[in-house]
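Have a look at the structure below before the remarks.
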Amino acid sequence: MDKKKVAFPLFSHYNIFIKYFVEKALDAEYIMQPQMTRRTIDIGSRYSPDYVCTPFKITLGSMIEALEAGADTIIMSPGPCRLGYYGELQEMILKELGYEFDFVNFSEYYTGYIKDMIKAMRRINPKASVPKITKTLAESAKIIMRLDEIEADYYKNCGFEINHGEYKKNWTKFLLAVETAENMRDVETAYKNAKKKFAAISISKPKNPIKVGIVGEYYTAVDSFANLDLAQKIADMGVEVHRWMNVTNRNLRYRGKNLRVDIKDYCKYEMGPTSTANIWSARYYASHGFDGIIHAKSAGCTPEIDIMPTLQNISADYKIPILYLTYDSQTSDTGLDTRLEAFYDMISAPSMHAKIHTRKISSK
């Protein structure tokens with residue numbers, strides 16, 4: 001039987017681990033569609049209902065480009081917000097457009113039982129081995145953690161490099177090495193090489209650099225295409241950029257109940273898929289001497305709209321500015337750049353920066 005040609009809509013650098021899992025655990029071919037461009041969101045928007053959030057439109061466009069690249073099977077993740085309904089509607093749209101493919105919607109199998117997830121995976125390969133799936137899942141989790149660790153290091157330091165472009169060059173090499181890895185030994189070699197290369201880069205970083213924390217809706221805050229390279233734009237201004245939100249923290253190590261204990265004076269209940277994590281992150285940044293916080297969300301994202309008053313309270317209590325960014329399919333680099341430059345001018349002003357690093361952090 002011919003191997004299935006599987007694809008998943010692009011999401012940051014995480015398609016790398018999906019590729020590893022599909023090829024190693026399910027013995028299928030993974031189709032890596034081209035990097036997203038303006039065309040991706042244009043075609044996604046053209047065929048999407050007007051009222052859906054921007055990530056729906058981007059992922060639909062990415063699916064179309066995957067089918068154009070030769071995929072015959074699309075997989076889609078479950079989710080706790082409208083993401084849980086994406087798959088059903090996107091499949092309907094794509095089939096009405098005339099595409100012929102198999103659609104594996106993990107929302108249909110998301111029962112909390114591993115046996116049901118195995119059923120979904122066996123739609124890709126009916127002969128897939130459970131021990132092999134289990135082993136490769138553990139390896140894939142390790143890949144995710146390595147990717148997220150190197151990325152976090154990158155954004156903390158790339159804005160202070162002396163020779164412009166060194167961090168980007170080595171970050172790109174690392175991603176390519178992991179994407180082409182044949183086994184975990186190759187992944188670990190790529191990880192160690194990246195750590196060594198990053199450590200060797202000459203940087204000029206002040207003792208108290210300007211620090212910004214990014215919070216927000218999962219897809220928009222994490223994916224550089226969706227947020228118009230937000231973290232890179234801020235880093236390039238000479239800023240240390242932090243973003244707690246990633247797959248490692250939100251999915252592999254997430255302890256929502258513990259986070260809620262830390263923010264009980266701001267939020268007593270779970271407010272949505274990333275609400276607790278974002279309130280906790282904002283509180284953490286505010287109480288650890290950060291100079292500013294950026295909240296990124298897609299237009300119409302109800303959970304993120306709901307937490308904005310709470311973020312305002314954190315801003316007032318800790319005297320830390322928060323920039324609110326809302327992205328839709330028409331958001332441009334020009335408008336974003338203008339707002340980021342104004343935000344940077346505010347937080348980098350000597351009086352503001354000195355105030356952040358000398359004030360007594362509230363115990364609240």
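Ring geometry, Tyr284 versus Trp280: the interplanar angle falls under 30°, so the pair is classed parallel (tilted spans 30 to 60°). In this structure, Phe17 and Tyr14 have perpendicular ring planes: the angle between them is above 60°, well past the 30° mark. Below 30°, between 30° and 60°, or above 60°: for Phe198 and Tyr154 the angle between ring planes is between 30° and 60°, a tilted geometry.
Side chain to side chain, Glu304 and Thr274 meet the donor-acceptor criterion of an N or O pair below 3.5 Å. Checking Glu88 against Asn105 by side-chain atom types alone, no donor-acceptor pair falls below 3.5 Å. Side-chain contact of Gln312 with Tyr324: a donor-acceptor pair under 3.5 Å is present, judged by distance alone. One side chain, Asp153 or Asn157, offers a donor N or O that lies under 3.5 Å from an acceptor on the other.
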Are Thr331 and Asp328 close enough, and set up right, to give a side chain to side chain donor-acceptor pair (under 3.5 Å), and what steps lead you there? CA-CA 5 Å; Thr331 302; Asp328 60 29; 3.2 Å; yes
After noting the C-alpha distance and the side-chain angles of Glu151 and Arg243, does the key distance pass the side chain to side chain contact (heavy atoms under 4.5 Å, CB included) rule? CA-CA 10 Å; Glu151 183 185 43; Arg243 191 195 68 234; 3.1 Å; yes
Run Met245 and Asn278 through side chain to side chain contact (heavy atoms under 4.5 Å, CB included) and show every step you take. CA-CA 8 Å; Met245 187 66 66; Asn278 283 328; 3.6 Å; yes
Given Cys53 and Tyr86, is the side chain to side chain contact (heavy atoms under 4.5 Å, CB included) satisfied, shown in steps? CA-CA 10 Å; Cys53 53; Tyr86 277 18; 2.8 Å; yes
Please test Thr59 against Gln90 for side chain to side chain donor-acceptor pair (under 3.5 Å), starting from the C-alpha separation and ending with a verdict. CA-CA 9 Å; Thr59 53; Gln90 288 172 329; 2.9 Å; yes
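The distance from the CG atom of Asn170 to the CG atom of Leu175 is 11.0 Å, given to the nearest 0.5 Å. One distance of note links CD1 of Ile18 with CD1 of Ile143; it measures 11.0 Å at 0.5 Å rounding. A distance of 10.5 Å separates CD1 of Ile279 from CG of Leu259, quoted to the nearest 0.5 Å. One finds the CD1 atom of Ile214 at 8.0 Å from the OH atom of Tyr285 (value rounded to the nearest 0.5 Å). In this structure, the separation between CG on Leu325 and CG on Leu230 is 6.0 Å, given to the nearest 0.5 Å. The line from CD1 of Ile133 to CZ of Phe21 is 5.5 Å long, rounded to the nearest 0.5 Å.
Residues Met308 and Lys297 form a side-chain contact, since some pair of their non-hydrogen atoms from C-beta on lies under 4.5 Å apart. Looking at heavy atoms from C-beta onward, Ile64 lies in side-chain contact with Tyr47 at the 4.5 angstrom threshold. Proximity of Thr136 to Ser140: side-chain heavy atoms (C-beta onward) are separated by under 4.5 Å at one or more points. Trp244 places none of its side-chain heavy atoms less than 4.5 Å from the side chain of Val215. Looking at Lys197 and Lys169, their side chains never come closer than 4.5 Å, going by heavy atoms from C-beta outward.
Between Asp102 and Arg123 there is a salt bridge, since a side-chain N of the basic residue sits under 4.0 Å from a carboxylate O of the acidic one. For Arg260 and Glu270, the salt-bridge test passes: some basic side-chain N is under 4.0 Å from an acidic carboxylate O. Taking the charged nitrogens against the carboxylate oxygens, Asp42 and Arg38 do have a contact shorter than 4.0 Å, which makes a salt bridge. Glu188 and Arg146 are joined by a salt bridge, as a carboxylate oxygen and a charged side-chain nitrogen come within less than 4.0 angstrom of each other. Between Asp236 and Lys233, none of the side-chain N atoms (NZ, or NE/NH1/NH2) sits under 4.0 Å from a carboxylate O, so this pair counts as no salt bridge. For Lys127 and Asp27, the salt-bridge test fails: no basic side-chain N is under 4.0 Å from an acidic carboxylate O. Ion pairing of Asp262 with Arg255 is absent here, as no side-chain N (NZ or NE/NH1/NH2) approaches a carboxylate O to less than 4.0 Å. A salt bridge between Glu161 and Lys168 is absent, with no side-chain N of the basic residue lying under 4.0 Å from a carboxylate O of the acidic one.
Heavy atoms from other residues, nucleotides or ligands lying under 6.0 Å from OH of Tyr85 number 12 at most.
In this structure a side-chain-to-backbone donor-acceptor pair under 3.5 Å is missing from Asp186 to Ala181. With hydrogens and angles ignored, the 3.5 Å screen pairs a side-chain donor or acceptor of Asn227 with a backbone N or O of Thr220. Under the 3.5 Å distance criterion, the side-chain polar atoms of Asp223 are matched with a main-chain donor or acceptor of Ala226. Using a distance-only test at 3.5 Å, with no hydrogens or angles considered, a donor-acceptor pair links the side chain of Ser315 to the main chain of Ile320.
The side chain to side chain contact (heavy atoms under 4.5 Å, CB included) test with His13 singles out one residue from Asp148, Val222, Val247, and that residue is Asp148.
Clustering ILVMFWY residues whenever any of their side-chain heavy atoms sit less than 4.5 angstrom apart, transitively, puts Leu89 in the very cluster that holds Leu97.
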